[in-house]
K.L.:
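Let me begin by handing over the structure; questions about it come next.
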Amino acid sequence: MDSFTSFFDSQTSSRNRWSYDSLKNFRQISPVVQTHLKQVYLTLCCALVASAVGVYLHILWNIGGTLTTLASMGCMVWLLSTPTYKEQMRVSLLMAGAVFQGASIGPLIELAIDFDASLVVSAFVGCAVAFGCFSAAAMVARRREYLYLGGLLSSGIGILFWLHFASSIFGGSMALFTFELYFGLLVFVGYIVFDTQNIIEKAHHGDLDYVKHSLTLFTDFVGVFIRILIIMLKNATEKEDKKKRRRN
């Protein structure tokens, strides 16, 4: 009982310490790590632009599919196996992987554009806001505070994998699909917090591989964006169906 009391007391005290000043408290992040983070997020922005190019290429030539997915995975594996001193090659592989990744999600984005183009913009803005907020929360939190999430999030990914595997074999229901969608969104949002703190911690220990760290955050961003877009598209189609039923 005393352990529960001490836990809630610590949570209450941490909430009381949270203020506007804590949002500006980056003193625990050294200047070297801050410079590294700027480089990581700049590279991430370039990768997002490259993925947008991939989406545009799919809309023009309908190239998105299994091949582009495999090509994206191949580029990422190649990047991770390339020595860090080959910086230009690793950046090129990251951008190529982002282009292929954009082409792979091109069919989903094209479907959303055909239904309502504003859904894509809203999903991207919502994803960017969520990504920025959770990344900032990880930066201003105490060091290593969220690293314990790694095991839980890995378990969540395992649950998603087995649910998808089971539904592909035995067939899935709409309720199961909805659970996978929202649970997957929760897992990838958790990965934003975990990966941000993990990158900061690695940078403090001398790991300044900004290309690999940008790839990690790019994967999180795409995972959140896809699920937000599917949720918004699903809700929009359900509303449209209800309107048609009322008219009939």
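We count residues from 1, following the sequence as given.
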K.L.:
Counting N and O atoms only, with roles assigned by atom type, does the side chain of H205 sit under 3.5 Å from a partner on the main chain of E201, one being a donor and the other an acceptor?
P.N.:
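Judged by distance alone, yes, a pair lies under 3.5 Å.
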
K.L.:
Transitively linked via ILVMFWY side-chain contacts under 4.5 Å: V222 with I63?
P.N.:
no

K.L.:
Enter the distance from C127:SG to I192:CD1 here, rounded to the nearest 0.5 Å.
P.N.:
6.5 Å

K.L.:
Without swapping roles, check the side chain of S122 against the backbone of L119 for a donor-acceptor pair under 3.5 Å.
P.N.:
no

K.L.:
Quick one: side-chain hydrogen bond (donor to acceptor under 3.5 Å, both in side chains) partners of Y191, sequence neighbours excluded?
P.N.:
none

K.L.:
Roughly how far apart are D114 CG and L233 CG, rounded to 0.5 Å?
P.N.:
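So the gap between those two atoms works out to 10.5 Å.
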
K.L.:
To the closest 0.5 Å, what do you measure between CZ (F188) and CZ (F183)?
P.N.:
11.0 Å

K.L.:
Can you get from V40 to V49 by hopping between Ile, Leu, Val, Met, Phe, Trp and Tyr side chains that sit under 4.5 Å apart?
P.N.:
no

K.L.:
Within the supplied structure, the quantity of interest is the number of heavy atoms (other residues, nucleotides, ligands) at a distance under 6.0 Å from M89 CE; does it exceed 12?
P.N.:
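Yes, CE of M89 has more than 12 neighbouring heavy atoms, counting only those of other groups under 6.0 Å.
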
K.L.:
Set out, in order, the CA-CA distance, both residues' side-chain angles and the distance that settles side chain to side chain contact (heavy atoms under 4.5 Å, CB included) for M232 and I228, then state yes or no.
P.N.:
CA-CA 6 Å; M232 295 181 69; I228 290 178; 3.9 Å; yes

K.L.:
Which heavy atom of A98 sits nearest to which heavy atom of A47, and what is that distance?
P.N.:
CB-O, 3.3 Å

K.L.:
Nearest 0.5 Å, what's the CD1-CG distance between I230 and L108?
P.N.:
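Reported value, rounded in 0.5 Å steps: 5.0 Å.
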
K.L.:
Do NZ/NE/NH1/NH2 and the carboxylate oxygens of D209 and R90 come within less than 4.0 Å?
P.N.:
yes

K.L.:
Less than 4.5 Å apart, any side-chain heavy atom of L208 and any of V32?
P.N.:
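Heavy-atom side-chain distance check passes, below 4.5 Å.
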
K.L.:
Decide yes or no for H213 and H36: does some side-chain heavy atom of the first lie under 4.5 Å from some side-chain heavy atom of the second?
P.N.:
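In short, these two side chains touch, coming nearer than 4.5 Å.
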
K.L.:
Using a 4.5 Å cut-off on heavy atoms from C-beta on, say whether the side chain of L215 contacts that of L44.
P.N.:
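Not touching, per the 4.5 Å side-chain cut-off.
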
K.L.:
Should we count OH of Y41 as having more than 12 external heavy atoms under 6.0 Å?
P.N.:
yes

K.L.:
Apply side chain to side chain contact (heavy atoms under 4.5 Å, CB included) to the pair V224 and F131, showing each step before the final yes or no.
P.N.:
CA-CA 8 Å; V224 173; F131 187 90; over 6 Å; no

K.L.:
Just wondering, do Y210 and E87 contact through their side chains at under 4.5 Å, heavy atoms?
P.N.:
yes

K.L.:
Tell me, do T43 and M95 make a side-chain contact under 4.5 Å, heavy atoms counted?
P.N.:
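Side-chain contact under 4.5 Å: yes.
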
K.L.:
Between F124 and F221 (judged by ring centroids, cut-off 6.0 Å), do the two rings come close enough to count as a pair?
P.N.:
yes

K.L.:
What's the shortest heavy-atom distance between I29 and M139, and which atoms?
P.N.:
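Closest approach of I29 to M139: CD1-O, 3.9 Å.
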
K.L.:
I200, L153: one ILVMFWY side-chain cluster at the under-4.5 Å cut-off?
P.N.:
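In one cluster: yes.
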
K.L.:
Would you say V125 and F115 are hydrophobically clustered, going by side-chain heavy atoms of ILVMFWY under 4.5 Å?
P.N.:
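V125 does not cluster with F115.
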
K.L.:
Would you confirm whether D207, through its side chain, and A203, through its main-chain N or O, come within 3.5 Å as a donor-acceptor pair?
P.N.:
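Answer holds: no.
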
K.L.:
Is there a donor-acceptor pair under 3.5 Å between the side chain of S104 and the backbone N or O of G64?
P.N.:
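Not confirmed, S104 side chain does not pair with G64 backbone.
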
K.L.:
What distance separates L57 CG from T68 OG1, expressed to the nearest 0.5 Å?
P.N.:
11.0 Å

K.L.:
Taking the basic N atoms (NZ, or NE/NH1/NH2) and the acidic carboxylate oxygens, is any pair closer than 4.0 Å for E238 and K242?
P.N.:
no

K.L.:
Would you say Q34 and L37 make side-chain contact, with heavy atoms under 4.5 Å?
P.N.:
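No, side chains not in contact.
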
K.L.:
Using side-chain heavy atoms (C-beta onward) and a distance below 4.5 Å, is V189 in contact with F194?
P.N.:
no

K.L.:
Hey, what do you get for OG (S154) to CG (L149), rounding to the nearest 0.5 Å?
P.N.:
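So the gap between those two atoms works out to 10.5 Å.
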
K.L.:
Before you tell me yes or no, could you show the steps for L94 and S214 under side chain to side chain contact (heavy atoms under 4.5 Å, CB included), namely the whole-Å CA-CA distance, both residues' side-chain angles and the distance that decides it to 0.1 Å?
P.N.:
CA-CA 9 Å; L94 175 61; S214 301; 4.1 Å; yes

K.L.:
Quick check on the hydrophobic clustering: are V121 and F225 connected, directly or via other members, by side-chain heavy-atom contacts under 4.5 Å?
P.N.:
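Hydrophobic grouping puts V121 apart from F225.
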
K.L.:
Minimum heavy-atom separation for V187 and G156, please, with both atom names.
P.N.:
CG2-CA, 4.1 Å

K.L.:
Under the side chain to side chain contact (heavy atoms under 4.5 Å, CB included) criterion, do T216 and N198 qualify, and how do the steps go?
P.N.:
CA-CA 10 Å; T216 301; N198 195 29; over 6 Å; no

K.L.:
Does some side-chain heavy atom of T69 sit less than 4.5 Å from a side-chain heavy atom of F100?
P.N.:
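Contact flag for F100/T69 side chains = no.
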
K.L.:
Main chain of K234, side chain of T237: is a donor-acceptor contact present, judged purely on distance under 3.5 Å?
P.N.:
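Such a contact is found between T237 side chain and K234 backbone.
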
